[in-house]
Every structure is written in C-alpha cells, then in structure tokens.
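The shown structure was predicted, so the numbers you read here are calculated from the model rather than taken from an experiment.
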Amino acid sequence: MSEGRDLPPEKHMLSCHACGLVFVARGPVDDERDMGDCPRCGQILRRRKRNSLQAAMCFLVAAFIFYIPANMLPVMAFVKVGHGHPSTIISGVIQLWEAGLYFLALLVLFASITVPVLKVFLLALMIGCECRGRASHKALKRLTGLYKVVVFIGRWSMIDVFMISILAAVVRFGFMASVTAELGVVFFALVVVLTIFAADLYDPRRMWDAAGYNRQGLGHSRQGGEEDVTELRDMEPEKA
C-alpha cells in the first residue's frame with residue numbers, strides 16, 4: 001500500500017498489462033520501451049502498449065468494412081425436404097422469431113448484431129477521446145469501465161459462428177434436412193476476430209494521458225491515498 005509514503009514520479013512507474021503488477025524504476029522509462037518480462041506472468045513490461053492507437057484503428061476499420069458483407073451475404077442455408085434458401089443474420093433472426101424460438105432469436109440478435117456494433121462504437125469513442133485530448137474525469141472513468149466490458153463480451157460474439165458450425169455438422173439427413181454454412185459467416189468471424197484484436201491492442205490509459213489526468217491522479221494519491229496500488233518493487237531498468 002502507498003499510505004504514508006509519496007509515490008515515485010509518473011515516468012518511473014509501470015505496470016504489467018496482463019496481471020497488473022506495479023513496478024518502479026530508478027530512472028525515467030519511455031512509454032514503449034521494453035523493460036523485460038514480468039516475474040509473475042512473463043508478459044513483456046512496457047509503460048504503454050506499443051502503437052496501440054494505430055493498431056486499434058487499423059483493426060477497427062477492417063472490422064467495420066467486413067461487417068457490411070457479413071450482414072448482406074447469407075450466413076446459413078437450411079434445406080428441409082428439398083425446400084429452403086440461404087438466410088442472412090437478420091432474416092435468420094426473423095425466422096427464429098416467427099417459429100416461436102424467442103430465446104434463440106434474441107440470443108442470435110444479441111451476439112450477431114448488438115455486440116459487434118457496440119464494440120465498434122465504444123472503441124471508436126475511446127479512440128476519438130484520445131485523439132481529441134479532452135474529456136472529463138467522469139467520462140474517462142466510464143469509458144475505462146466500458147473497455148473492460150468490451151474485452152469481456154468479445155469472446156461471446158462467436159456464439160453465432162459456433163451455432164452454425166454445430167448445426168452444419170449435426171443436421172445431415174440427406175434429402176430430409178441439411179444445414180450448410182455460407183460465405184457470410186466467414187466475414188462475420190473475421191469481424192469478431194478483428195474487434196477482439198482491436199480491443200486487446202488498445203491501451204485505455206492513453207485516454208488519460210491525452211487528457212492530462214495521470215499526473216493529477218498521482219497528486220491525489222499522495223494527498224489522500226485514494227488509489228489502491230499494489231506494493232511497488234524496485235527494478236533496475238538496465239537489468240529488467
């Protein structure tokens with residue numbers, strides 16, 4: 001804990017991106033300088049993720065581009081007794097709803113439409129705040145919390161892809177019934193993977209750096225010890 005003692009200068013401190021363990025170096029550390037491996041989890045130690053803004057923007061733009069054909073192209077074709085036609089995500093949700101499978105329809109709608117759009121929108125909002133360099137403390141705190149939500153729900157976007165894969169493998173009854181995956185599911189899987197990469201590569205601390213709140217936060221910690229900080233350990237930069 002940092003109560004009763006002053007925190008080192010901001011440029012001397014860094015934390016592991018994976019496990020959150022905090023270190024203090026004897027001298028200033030560049031934001032993207034490689035400081036070795038974390039002794040707890042083995043992750044490369046840097047104050048900030050390298051080229052986080054550029055990498056997140058590239059993956060986010062690519063995800064947005066692929067999301068258009070993912071919704072326009074059919075993702076699945078269900079043939080029953082010789083009759084059937086390919087369906088897109090939206091038409092599939094409508095068919096499930098009309099068939100009375102309300103829970104499954106809402107699940108597909110949430111996983112295939114709501115989650116990807118929400119992830120792209122929130123990540124774009126965070127990138128915009130960093131590029132603008134101005135945001136209130138309350139807004140940044142909310143965005144940081146939403147970033148954790150984006151990272152958590154990222155894996156659940158694959159529910160639709162898994163469902164189509166399982167149906168295509170199980171429903172094989174020849175002329176009676178069959179399910180085949182279409183090209184749209186490939187684009188949708190690319191959208192999910194690209195948004196996961198974008199969220200993982202983006203560093204939300206850059207928003208606070210751009211708005212100038214990190215140095216103020218250190219001052220508040222010295223005054224009242226409001227932040228719960230892991231015990232700092234000395235680390236020689238040249239030996240890390």
Quiz item: Which pair of heavy atoms, one from A63 and one from T195, lies closest together, and at what distance?
Solution: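 That would be CB-CG2, 3.7 Å.
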Evaluate the side-chain proximity of [Y] to [X]: yes if any heavy-atom separation is below 4.5 Å, no if none is.
| X | Y | value |
| --- | --- | --- |
| E130 | Y202 | yes |
| N71 | T88 | no |
| V75 | F187 | no |
| F66 | V186 | no |
| C19 | Q43 | no |
| P204 | L140 | no |
| L201 | R50 | no |
| Q54 | N51 | yes |

Quiz item: With clusters built from Ile, Leu, Val, Met, Phe, Trp and Tyr whose side-chain heavy atoms come within less than 4.5 Å, directly or transitively, what are the remaining members of the cluster of L106, listed by chain and number?
Solution: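 Direct or chained contacts put L106 with W97, Y102.
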ILVMFWY cluster, [X] and [Y] together (side-chain gap under 4.5 Å):
| X | Y | answer |
| --- | --- | --- |
| V117 | I153 | yes |
| V115 | F197 | yes |
| L125 | L53 | yes |
| L183 | M72 | no |
| F110 | V149 | yes |

Distance (rounded to the nearest 0.5 Å) between [X] [atom1] and [Y] [atom2]:
| X | Y | atom1 | atom2 | answer |
| --- | --- | --- | --- | --- |
| L45 | C16 | CG | SG | 5.5 Å |
| L123 | L146 | CG | CG | 10.5 Å |
| I65 | L194 | CD1 | CG | 10.0 Å |
| R142 | S136 | CZ | OG | 7.5 Å |
| L122 | I127 | CG | CD1 | 11.0 Å |
| I113 | F188 | CD1 | CZ | 7.0 Å |

Looking at [X] and [Y], would you say the former's side chain and the latter's main chain have a donor-acceptor pair under 3.5 Å?
| X | Y | answer |
| --- | --- | --- |
| S112 | L109 | no |
| Y147 | A199 | yes |
| R205 | K49 | no |

Quiz item: Looking at I196, V191, V151, which one forms a side chain to side chain contact (heavy atoms under 4.5 Å, CB included) with K119?
Solution: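 Testing K119 for a side chain to side chain contact (heavy atoms under 4.5 Å, CB included) against I196, V191, V151 leaves exactly one candidate, I196.
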Quiz prompt | Audit row: D37, I44, side-chain contact (heavy atoms from CB on, under 4.5 Å) steps and yes/no | solution = CA-CA 5 Å; D37 298 333; I44 297 176; 3.9 Å; yes
Quiz item: Among all residues two or more places apart in sequence or in another chain, which pass the side chain to side chain donor-acceptor pair (under 3.5 Å) test with T114?
Solution: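 Once residues adjacent in sequence are excluded, T114 has no partner under the side chain to side chain donor-acceptor pair (under 3.5 Å) criterion.
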Quiz prompt | Check against side-chain contact (heavy atoms from CB on, under 4.5 Å), S52 and R206 | solution = CA-CA 9 Å; S52 64; R206 297 277 192 178; 3.5 Å; yes
